[in-house]
> 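Handing you this structure, nothing more for now.
Whatever order the structure lists them in is the order used to number ligands and atoms, beginning at 1.
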Amino acid sequence: MTTDWKTLEQQYYMQCARRQPIVLVRGEGTRVWDEHDNAYLDFTAGWAVNNLGHAHPVLANVIAEQAHTLLQTSNQFYNIPQLQAAQLLIEQSCFDQVFFCNSGAEANEGAIKLARKYGMQHRAGAYHIITAMNSFHGRTLTTTAATGQPHYHAPYHPVPAGFDHVPFDDLDAIKAVTTEHTVAIMLEPVQGEGGVHVPSSGYLAGVKQWCEANGLLLIFDEIQTGIGRLGTLFGYQHFGIEPDIMSLAKGLGGGIPIGAVLAKSHAAVFEPGDHGSTFGGNALTCATAHATLKYLLDHDLLAHAQQMGRHLQQKLRSLQAAHPCIVDVRGLGLLMAVEFSTPVAADVVSASNEAGLLLNPVRPNAIRFMPPLTVTAAEIDEAIDKLNTALQNLALEVSIKG
Ligand SMILES: *Cc1c(COP(=O)(O)O)cnc(C)c1O
């Protein structure tokens with residue numbers, strides 16, 4: 001007898017997620033299998049997390065080995081994987097120090113706390129942080145307040161104060177709300193959850209200049225854009241500017257939960273007792289993050305991600321030419337979205353599921369593509385064929401109904 005997992009979820013799990021009707025049981029590379037052994041190409045990668053694909057043997061071995069050695073010590077003591085992961089991240093980035101935590105929201109909490117303390121020390125108690133409308137910064141109360149999407153705030157008022165939301169990709173709007181109470185500007189270099197929005201060239205450089213001219217900290221939320229997603233190790237490298245603080249999570253651990261906040265020395269203002277975490281920086285997650293980063297660098301996955309990103313983009317543009325319902329193809333590297341003329345994303349995702357392709361309905365009218373960085377050209381071609389089939393099937397249904 002098979003268990004009815006969907007009913008079990010309904011009964012026992014808090015109903016926060018809108019789930020696809022698929023129970024995933026295993027994965028390998030870009031593919032996953034459900035409880036009935038149906039195979040799917042996975043272009044969601046656990047929400048831009050599984051950058052080396054599913055069940056990567058190198059990661060599986062590191063996790064097993066570390067589990068047999070040492071999992072957790074607390075930060076009352078030193079542990080070696082934490083320091084090795086820290087060294088590699090700092091050597092590969094423009095930052096001077098890192099703090100490890102357990103998730104993206106927690107990394108942003110750390111970034112916000114750094115900015116507030118910096119404001120206390122250097123800007124007469126200024127604590128306002130400018131963030132973008134349509135941004136996504138996490139689900140804790142403070143990162144929900146930072147997120148520029150009022151519907152996420154609605155059930156939880158009063159949310160913490162001190163966030164000024166301005167339209168993304170609009171430097172004048174930032175200038176207009178900057179006051180002596182402002183301490184930082186926090187942005188995703190490419191908005192992910194908001195629908196994959198790449199800013200105009202010059203916007204982020206302009207924001208950086210504005211920060212420098214006014215003594216503000218620039219915080220990049222690279223939780224989704226970091227670790228190769230845009231084809232550079234960190235998104236800021238693509239745009240040729242350096243933020244003062246950066247948050248990471250998602251791809252950092254290749255599938256295990258880890259977050260990080262990195263800062264240049266002038267912004268790394270935490271002192272003993274200011275911040276902390278029981279699990280943050282534990283040996284297991286840090287050994288896995290170190291192995292993920294090392295694999296990505298040693299196997300030139302950044303160049304591969306750039307190449308595959310170009311291939312995916314070109315394939316999506318051909319698909320657009322064949323399907324007038326697609327009104328936009330956008331993104332960078334292996335973070336892409338397709339926008340439709342009508343809110344059909346949920347239908348497209350269901351039809352793609354049927355065709356054996358997993359996608360993310362990022363907006364009611366847009367779907368997001370974020371495959372593992374190890375994805376091959378053949379897998380991209382296969383995914384586009386499946387999506388083409390899905391779109392054809394949908395159109396067929398519409399015309400039959402009509
Ligand atoms: C996913 C995401 C977060 C939140 O990360 P969690 O690990 O879910 O807390 C924050 N910011 C961005 C840009 C994200 O994509």
Side-chain angles (χ1 to χ4, degrees), residues 14 16-19 44-51 99-115 129-149 152-153 156 159-160 163 165 168-169 184-199 204 218-230 234-236 238-239 243 245-262 277 279-281 285 288-289 292 331-337 360-363 366-371 373:
M14 290 195 194
C16 299
R18 292 186 193 88
R19 300 189 199 252
T44 66
W47 288 346
V49 166
N50 305 304
N51 282 1
F99 174 86
F100 289 119
C101 53
N102 311 287
S103 69
E106 228 186 297
N108 282 339
E109 287 276 340
I112 291 163
K113 284 171 80 175
L114 273 179
I129 299 176
I130 299 170
T131 67
M133 289 170 186
N134 206 38
S135 59
F136 186 78
H137 296 299
R139 300 294 205 150
T140 61
L141 203 52
T142 301
T143 56
T144 295
T147 294
Q149 301 190 53
Y152 284 141
H153 307 174
Y156 305 116
V159 297
F163 295 97
H165 303 115
F168 187 59
D169 203 15
I185 299 171
M186 177 157 116
L187 296 169
E188 298 158 83
V190 172
Q191 288 191 333
E193 195 263 0
V196 185
H197 295 287
V198 183
L204 293 173
L218 180 59
I219 305 172
F220 271 9
D221 177 345
E222 294 236 23
I223 288 162
Q224 188 159 156
T225 53
I227 318 296
R229 184 54 46 191
L230 303 185
F234 307 110
Y236 73 81
H238 175 86
F239 295 98
I245 297 174
M246 174 175 74
S247 51
L248 295 174
K250 290 202 163 87
L252 178 58
I256 53 85
I258 182 169
V261 53
L262 296 85
S277 172
F279 294 122
T285 56
T288 314
T292 303
L332 205 53
L334 286 172
L335 181 60
M336 297 290 305
N360 172 255
V362 67
R363 296 277 109 174
I367 52 174
R368 181 169 42 165
F369 302 75
M370 41 188 170
L373 305 187

> Using the ring-ring contact (aromatic ring centres under 6.0 Å, His included) criterion, which residues pair with Phe234? Sequence neighbours excluded.
Tyr236
> Quick one: closest heavy-atom pair of Tyr152 and Glu193, and the distance?
OH-OE2, 2.6 Å
> Applying ring-ring contact (aromatic ring centres under 6.0 Å, His included), can you list everything that pairs with Phe100, at least two apart in sequence or on another chain?
none
> Can you tell me how far apart CE (Met133) and OG1 (Thr147) are? Round to the nearest 0.5 Å.
13.5 Å
> Minimum heavy-atom separation for Ala107 to Val261, with atom names?
O-CB, 3.8 Å
> At less than 4.0 angstrom from any atom of ligand 1, which residues have a non-hydrogen atom? List them by chain and residue number.
Ser103, Gly104, Ala105, Asn108, Phe136, His137, Gly138, Glu188, Asp221, Ile223, Gln224, Lys250
> Show me the pairs that pass salt bridge (Lys or Arg N to Asp or Glu O under 4.0 Å) and involve residues 130-145, at least two apart or across chains.
none
